[in-house]
Each structure stands twice: as structure tokens, then as C-alpha cells.
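Values below: every heavy atom of this structure, side chains too, minus hydrogens, waters and symmetry copies.
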Amino acid sequence: MGGRIQKATMQFGKISQLEGDETKRTIYPIDLVLFGIDNELELEKPLYITDIVLGYKAVGESSAMLLGTQIIPTYKIEISGLKNPIYVNAYTNKRIE
């Protein structure tokens, strides 16, 4: 069965503003995000970024799949030397742990 999809997982979420925030929000540009994470990472410099994706991530994400989970714009940044990607909230420019 090579090359066939045998299992797929799908989550649905509502794309909306943060709770209690009725104004339109802008996202941080990627250059400001990158300058912010450079100082907090304790890696050998220079850092080599291998991939950046702007997508959406669930707020309070858990293994339980819930319809209507709130999701926010998020930068996923992969850096050479890091095992896992870094996620940054595009609204607040704060790292998501």
C-alpha cells in the first residue's frame, strides 16, 4: 500500500478576533518577529532559518478535537539546530510554548 493515505486528521476552527477584542487587528511583520526571537534563543550565532509559514494555530490546543476552537494567526519558524519549530502569535509577537 505504498504512497496511499491511510489516516487523516482534520480539525475545524473559527477564525476570529481574540475574545473581547472588537477592533480589527493587524499582524506583526516577519522582520520584527525574527528580531524578537533572535535575542531569546540561546543558539550559536548566526541562526539559519530553514522555513517560515504563516498559518493558524488553535488557542489552548489539546489532544481533544473540538468544533469551534478559536484559532489565531501564527508564524511557524524552523531553525537549523532546533528539534522543534518555534510558534509566534502574529497578533502579539509573543512566542507560543
Side-chain angles (χ1 to χ4, degrees):
M1 295 186 107
R4 293 186 184 167
I5 297 173
Q6 296 190 12
K7 182 180 179 182
T9 304
M10 190 166 53
Q11 292 182 315
F12 294 93
K14 180 180 177 185
I15 300 173
S16 65
Q17 293 155 228
L18 294 174
E19 293 277 330
D21 188 3
E22 302 302 323
T23 60
K24 286 190 176 187
R25 306 227 13 211
T26 58
I27 63 171
Y28 276 83
I30 192 61
D31 59 335
L32 290 179
V33 172
L34 294 176
F35 284 124
I37 65 167
D38 180 45
N39 294 330
E40 76 175 64
L41 294 176
E42 295 181 16
L43 291 175
E44 188 176 320
K45 306 290 194 263
L47 298 177
Y48 294 99
I49 297 168
T50 57
D51 195 28
I52 300 172
V53 176
L54 177 60
Y56 291 91
K57 186 165 177 48
V59 175
E61 188 175 355
S62 68
S63 59
M65 295 189 307
L66 302 171
L67 279 176
T69 301
Q70 185 182 26
I71 57 179
I72 57 171
T74 304
Y75 288 106
K76 176 185 171 189
I77 304 167
E78 295 184 21
I79 299 175
S80 180
L82 284 182
K83 184 177 176 180
N84 297 315
I86 293 172
Y87 294 94
V88 178
N89 182 325
Y91 284 149
T92 63
N93 196 20
K94 302 289 183 203
R95 192 168 165 190
I96 300 170
E97 297 295 332

Can you list every salt bridge (charged side-chain N to carboxylate O under 4.0 Å, His left out) pair that touches residues 85-95, not counting sequence neighbours? Glu40-Arg95, Arg95-Glu97
For Asn84, the side-chain contact (heavy atoms from CB on, under 4.5 Å) test, sequence neighbours excluded, returns none
Checking Tyr87 now: which residues fulfil side-chain contact (heavy atoms from CB on, under 4.5 Å) with it, not counting sequence neighbours? Lys57, Thr74, Lys76, Pro85, Ile96
Reported CG-to-CD1 distance for the pair Leu34 and Ile52, which is rounded to 0.5 angstrom: 4.5 Å
What pair of heavy atoms forms the shortest contact from Tyr56 to Pro73, and how long is it? CD2-N, 3.6 Å
As a quick check of understanding, evaluate side-chain contact (heavy atoms from CB on, under 4.5 Å) for Ile77 and Val33, giving each step before the final call. CA-CA 10 Å; Ile77 304 167; Val33 172; 3.9 Å; yes
In terms of hydrophobic clusters joined by side-chain contacts under 4.5 Å, are Leu32 and Ile79 together? yes
Can you list the steps and then say if Tyr75 with Ile27 is a side-chain contact (heavy atoms from CB on, under 4.5 Å)? CA-CA 10 Å; Tyr75 288 106; Ile27 63 171; 3.9 Å; yes
